Chemist: 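Input: one structure, supplied below.
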Amino acid sequence: ELAKTLAALYDELARQHLTKSQDPEAESALLRASALDTRNAAHATNLASLYQDRAQAESEPNQRVELLLQSAEHWQKAA
């Protein structure tokens, strides 16, 4: 199916962005992948991990909480 193929390509694009520490671009690509292939738990897992990593690096407590909430939301979707 075309949507699943596109989702896989967006997932790969996200991985490339992550290797270059381009988190906003990786997030955007992962959100697109997740929207295209809603049944693939790997996309939600990748988003959850991204938000969790960003939360750990965040120094602002309110922003850290927001990122952890986003992470939890995507971990739940992956379950």
Side-chain angles (χ1 to χ4, degrees):
E1 178 177 325
L2 180 59
K4 288 183 181 183
T5 301
L6 286 172
L9 291 172
Y10 276 115
D11 191 65
E12 179 57 32
L13 179 62
R15 291 176 197 273
Q16 290 179 17
H17 284 306
L18 287 172
T19 62
K20 299 175 186 174
S21 299
Q22 298 172 332
D23 287 358
E25 293 86 350
E27 178 184 13
S28 177
L30 286 171
L31 287 169
R32 287 178 187 245
S34 185
L36 286 165
D37 189 5
T38 58
R39 293 182 184 220
N40 188 334
H43 304 309
T45 298
N46 292 339
L47 272 166
S49 294
L50 174 65
Y51 291 131
Q52 186 173 346
D53 291 346
R54 286 175 58 190
Q56 291 174 348
E58 179 59 53
S59 61
E60 174 60 41
N62 290 337
Q63 184 63 26
R64 184 179 303 140
V65 169
E66 182 60 34
L67 289 165
L68 288 171
L69 288 172
Q70 288 177 303
S71 178
E73 177 185 332
H74 289 285
W75 282 120
Q76 186 175 19
K77 287 179 183 179

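All values reported here derive from a predicted model rather than from experimental measurement.
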Chemist: Is a side-chain N or O of Thr5 found less than 3.5 angstrom from the main chain of Glu1, in a donor-acceptor match?
Modeler: yes
Chemist: In Å, rounded to the nearest 0.5 Å, how long is the span from CG of Leu13 to CD of Glu25?
Modeler: 9.0 Å
Chemist: Please give me the minimum heavy-atom distance between Ser34 and Leu47, naming the atom from each residue.
Modeler: CB-CD1, 4.1 Å
Chemist: Please determine whether side-chain contact (heavy atoms from CB on, under 4.5 Å) holds for the pair Gln52 and Trp75, giving the CA-CA distance in whole Å, both sets of side-chain angles, and the decisive distance to 0.1 Å.
Modeler: CA-CA 10 Å; Gln52 186 173 346; Trp75 282 120; 3.3 Å; yes
Chemist: Do Glu27 and Arg54 meet the salt-bridge criterion of a basic N to acidic O distance under 4.0 Å?
Modeler: yes
Chemist: Is the count of non-hydrogen atoms from other residues, nucleotides or ligands lying under 6.0 Å from Gln76 atom CD greater than 12?
Modeler: no
Chemist: What are the two closest heavy atoms between Asp11 and Ala33, and how far apart are they?
Modeler: N-CB, 4.0 Å
Chemist: I need the Thr38 OG1 to His43 NE2 distance, nearest 0.5 Å.
Modeler: 9.5 Å
Chemist: So which heavy atom on Ala78 is nearest to which on Ala41, and how close?
Modeler: O-CB, 3.4 Å
Chemist: First locate atom CG of Leu30, then atom CG of Asp23, and finally report the distance between them rounded to the nearest 0.5 Å.
Modeler: 10.0 Å
Chemist: Calculate, to the nearest 0.5 Å, the distance between atoms CD and OH belonging to Glu58 and Tyr51 respectively.
Modeler: 14.0 Å
Chemist: Treat each ILVMFWY residue as a node, draw an edge where side-chain heavy atoms are under 4.5 Å apart, and state whether Leu67 and Leu31 are in one component.
Modeler: yes
Chemist: Between the side chain of Ser49 and the main-chain N/O of Thr45, is any donor-acceptor distance below 3.5 Å?
Modeler: yes
Chemist: What do you reckon, is CZ of Arg64 surrounded by more than 12 foreign heavy atoms closer than 6.0 Å?
Modeler: yes
Chemist: Per the side chain to side chain contact (heavy atoms under 4.5 Å, CB included) rule, which among Asp37, Leu9, Leu36, Asn40 passes with Lys4?
Modeler: Asp37
